[in-house]
Number of protein chains: 2
Amino acid sequence: MANGKWKSDSQGAKGVPKAVVYRLSLYLRELQRLIRGGDTMASSGKLGKLLGLTDAQVRKDLAIFGQFGHPGVGYRCEDLVGAIKGILGTDREWTVAMIGAGNLGRALLGYRGFASQGFRVAAVFDADPAKIGQSLEGLVVEDVERLSEVVREREISLGLIAAPAEAAQEAATRLAAAGVVGILNFAPVTLHSLPVEVSQVSVDLATELEQLSFAVANRPETR
Amino acid sequence: MANGKWKSDSQGAKGVPKAVVYRLSLYLRELQRLIRGGDTMASSGKLGKLLGLTDAQVRKDLAIFGQFGHPGVGYRCEDLVGAIKGILGTDREWTVAMIGAGNLGRALLGYRGFASQGFRVAAVFDADPAKIGQSLEGLVVEDVERLSEVVREREISLGLIAAPAEAAQEAATRLAAAGVVGILNFAPVTLHSLPVEVSQVSVDLATELEQLSFAVANRPETR
DNA sequence: CATTGTGAAGGGCTTCACAGCT
DNA sequence: AGCTGTGAAGCCCTTCACAATG
C-alpha cells in the first residue's frame, strides 16, 4: 500500500546507493511517458524491460523508500510519480542561476526539460561586458560581480556552471559564498574547497564521449 | 615500467568496471592540466587528492591495464596521458555526426572541448526545412533524410543525438542502419532495438539536476 | 625512502527465489 | 494467476596493508 512518505523506520538521510538515485530518475521519466500514453498501472517487469533492467532491481530500488506497489497488479503510475518526486525533492520548485551566457549557457536556458521537472532559471550571469545587459529567454544577463546580491534577492538555491574551465572555480566559490546549496558543473574541471553543505554534480561532455569511445573500442566482437 | 599497451595477460575486452573507465577520463583531464602547469611527474596520492579519491583507488584503477608507474617517484605525466588515451581509444581521431541543429546541437558544435580530445564533428543534420542549408561552424546543415548517405561518404563512426525526445529514436535507428558504431544520446528517452554492436551512452540534463536535488534534500545535517 | 603493485579483507550492490498478498 | 517485498546468496568494487622497487 502506497503511503506517500519516507520509509517508516527512516534513518534520515544517506545509505542510498548513488546508482539507485540515478535509476529513480529513469523510472520517473518512463512513468511520465507511460502516463502521457494513457497507461495507469505499471509492473516492475514492464518498467524494467523498458529500461533494460531486471524486475528485481526495480522492486529493490523502490523498496528502499517504502511500499508503493500492489501485489498482483503493480504500481499505480500517478502515485509512483508522486512518490519518486518526493524522494528526489522535485515535488517543489527549485530556483536556479546560470553562470555563463556563452553557447552552452544559452542552449541550456532554452531547454524546456528543466522547467518541466520543476527547475526555474531565475538569473543568468556572465563576466563579459559585451554580454551583460543582453536579454535571453526573458532574463537580462547580469554581471557576475553582482552574483551574491542577485542570488539573495531572488532566493536562488542552485547554481548551474556553464562557464569556461578557467572561470568555473571562481564561479563555484562565489555561488557557495552566496549561500547556494547545490551546484551542477558543466565545466571540465574539478571544483575544490566547497563547503560540505554545498552538494555537487558534474557533467563533462568530453568525458561522456570518452566513455563512448572506450565502449566502442572494447565491444564484444566485431570485425 | 610503462609498456604502453594492454596488460600482457589481456583477455580482450570486458571485465573493466564502468566506474573505472569514468575515472580514467578524470585522470586524463587532470594530467593534461598538470602538464599545462609544468609538472612532469604525478604520484597516485597527488592525483587522488586533486580528484577526491584515495591513492589506492588510483593505483588499482591503473593496474588493471598495466604497469605505468615508477616506485619511489610516481607516474610520468606524458607517458600516463599516452597510456590512458590508448585505453580510452582517443589516441586516434573520431569522426562524429550531430543530429539536431537546435539550441543544444548548436551549442555542442561550438564546444571546443570535443576537438581537443580528438572528436571531429563532420556533419550536422536536422529535419526542419528552415534549418537545412544553414551554415554552422563551417558545416552545412543536411537533411536528416540524407543521413545514411552522408555518414558513409564522410566515414562517420559516432552519432551525437541532440534532437527533441520525439525524434531521438528515429535518429538512433537511422544512425545504426548507416553503420555508426556508437551513439551519445542527449535526448530524455531510452533508445530501443539498437544492434548490440552499437555502443550507447546517455546524458539527460534533467536527470542530472534531479541527482543534485536529491543530494541537497538529503545532505547530512543542515537547517 | 617515497611510492608502486597487489593479495586479502571488507563492504555494497545485484540477482535469486519464494512467501505472501490481491 | 500475477506481482510485490525481501532474506539469502553471489558477485563486484573499494580499502587496507605491506612486500617489492628504483
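Quick note on labels: first sequence line is chain A, next is B, and so on, each numbered from 1.
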Enquirer: Identify, with sequence neighbours excluded, every residue that meets side-chain contact (heavy atoms from CB on, under 4.5 Å) alongside A:E30.
Expert: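 side-chain contact (heavy atoms from CB on, under 4.5 Å) list for A:E30, sorted by chain: A:R33, A:L47, A:L50, A:L51, B:T190.
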
Enquirer: Considering only nitrogen or oxygen atoms on both sides, find all protein atoms under 3.5 Å from nucleotides 7-11 of chain C and state each distance.
Expert:
from, atom 1, to, atom 2, distance (Å)
C:dG7, O6, B:K60, NZ, 2.8
C:dA8, N6, B:K60, NZ, 3.4

Enquirer: If we ignore hydrogens and angles and just use 3.5 Å, is the side chain of A:R76 paired with the main-chain N or O of A:M41 as donor and acceptor?
Expert: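 The answer is no, because no donor-acceptor pair under 3.5 Å joins these two groups.
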
Enquirer: Within the structure, does a side-chain N or O atom of B:Q67 lie under 4.0 Å from either OP1 or OP2 of D:dT21?
Expert: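 No, because none of the side-chain N or O atoms of B:Q67 sits under 4.0 Å from OP1 or OP2 of D:dT21.
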
Enquirer: Is the distance from OP1 or OP2 of C:dG5 to the nearest side-chain N or O of B:R59 less than 4.0 Å?
Expert: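 Indeed not, no polar side-chain atom of B:R59 lies that close.
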
Enquirer: Between A:R76 (CZ) and C:dT22 (C1'), how many Å, whole number?
Expert: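 Taking CZ of A:R76 and C1' of C:dT22, I get 16 Å after rounding.
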
Enquirer: Return all side-chain donor-acceptor pairs below 3.5 angstrom for residues 158-177 of chain B, not counting sequence neighbours, or 'none' if the list is empty.
Expert:
from, atom 1, to, atom 2, distance (Å)
B:Q169, OE1, B:H192, N, 2.8
B:Q169, NE2, B:T173, OG1, 3.2
B:Q169, NE2, B:H192, O, 3.1
B:E170, OE2, B:R174, NE, 3.1
B:E170, OE2, B:R174, NH2, 2.7
B:T173, OG1, B:Q169, O, 2.9
B:R174, NH2, B:E145, OE2, 3.2

Enquirer: Taking side-chain hydrogen bond (donor to acceptor under 3.5 Å, both in side chains) as the definition, give me every residue that meets it alongside A:S148, ordered by chain and number, with sequence neighbours left out.
Expert: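 Checked A:S148 against side-chain hydrogen bond (donor to acceptor under 3.5 Å, both in side chains); matches are A:R152.
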
Enquirer: State, without any angle test, whether B:Q211 and A:S25 hold a side-chain donor-acceptor pair at a distance under 3.5 Å.
Expert: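 Yes, because at least one side-chain N or O of B:Q211 sits under 3.5 Å from a partner of the opposite role on A:S25.
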
Enquirer: Show the atom names and distances, to 0.1 Å, of all donor-acceptor pairs under 3.5 Å that link a side chain in residues 56-63 of chain A to residues at least two apart or in another chain.
Expert:
from, atom 1, to, atom 2, distance (Å)
A:R59, NH1, A:S44, OG, 3.0
A:R59, NH1, A:D55, OD2, 3.3
A:D61, OD1, A:R23, NH2, 3.0
A:D61, OD2, A:R23, NE, 2.6
A:D61, OD2, A:R23, NH2, 3.3
A:D61, OD2, A:Y27, OH, 2.6

Enquirer: Can you tell which of A:T95, A:V96, A:L194, A:V151 makes a side-chain contact (heavy atoms from CB on, under 4.5 Å) with A:V180?
Expert: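 That would be A:V151; it is the only one of A:T95, A:V96, A:L194, A:V151 passing the side-chain contact (heavy atoms from CB on, under 4.5 Å) with A:V180.
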
Enquirer: For DNA chain D, which residues of residues 38-58 of chain A approach it to below 4.0 angstrom with any heavy atom?
Expert: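 Only A:S43, A:S44 qualify.
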
Enquirer: For residues 109-124 of chain B, which residue pairs pass the salt bridge (Lys or Arg N to Asp or Glu O under 4.0 Å) check, not counting sequence neighbours?
Expert: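 Of all non-adjacent pairs touching residues 109-124 of chain B, those that pass salt bridge (Lys or Arg N to Asp or Glu O under 4.0 Å) are B:E93-B:R120.
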
Enquirer: What residues, two or more places apart in sequence or in another chain, satisfy side-chain hydrogen bond (donor to acceptor under 3.5 Å, both in side chains) together with B:K46?
Expert: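 Here the qualifying residues are B:D39.
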
Enquirer: Tell me the salt bridge (Lys or Arg N to Asp or Glu O under 4.0 Å) pairs involving residues 198-213 of chain A, sequence neighbours left out?
Expert: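 Qualifying pairs, neighbours excluded: A:D204-B:R29.
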
Enquirer: Nearest whole Å is fine: how far is D:dT14 P from B:K18 NZ?
Expert: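 Whole-Å distance recorded here is 12 Å.
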
Enquirer: Once you round it to whole Å, what is the distance between C1' of C:dT3 and NE2 of B:H70?
Expert: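 Nearest whole value for this atom pair: 12 Å.
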
Enquirer: Looking across every strand, which nucleic acid part, if any, lies under 4.0 Å from B:G74 by heavy atom: base, sugar-phosphate, or nothing?
Expert: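 It contacts sugar-phosphate atoms only.
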
Enquirer: May I have the distance from A:F68 (atom CZ) to D:dT6 (atom P), rounded to whole angstrom?
Expert: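 Spelled out: CZ on A:F68 to P on D:dT6 is 11 Å.
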
Enquirer: Whole angstroms only, please: what is the CZ-P distance between A:F65 and D:dG5?
Expert: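 That distance rounds to 13 Å.
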
Enquirer: Would you tell me if any nitrogen or oxygen in the side chain of B:Y75 comes within less than 4.0 Å of OP1 or OP2 on C:dA2?
Expert: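 The answer is no; no side-chain N or O of B:Y75 sits under 4.0 Å from OP1 or OP2.
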
Enquirer: Which ones in residues 22-34 of chain B lie close to DNA chain C, meaning a heavy atom under 4.0 Å from one of its atoms?
Expert: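 The stretch gives none, as no residue of it lies under 4.0 Å from the strand.
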
Enquirer: Would you kindly give the CG-to-P distance between B:L62 and C:dT3, to the nearest whole Å?
Expert: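 Distance check: B:L62 CG to C:dT3 P gives 16 Å.
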
Enquirer: For A:S199, check side-chain contact (heavy atoms from CB on, under 4.5 Å) against everything at least two apart and list the hits.
Expert: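 Counting only residues at least two positions away or on another chain, A:S199 forms a side-chain contact (heavy atoms from CB on, under 4.5 Å) with B:L212, B:A215, B:V216, B:R219.
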
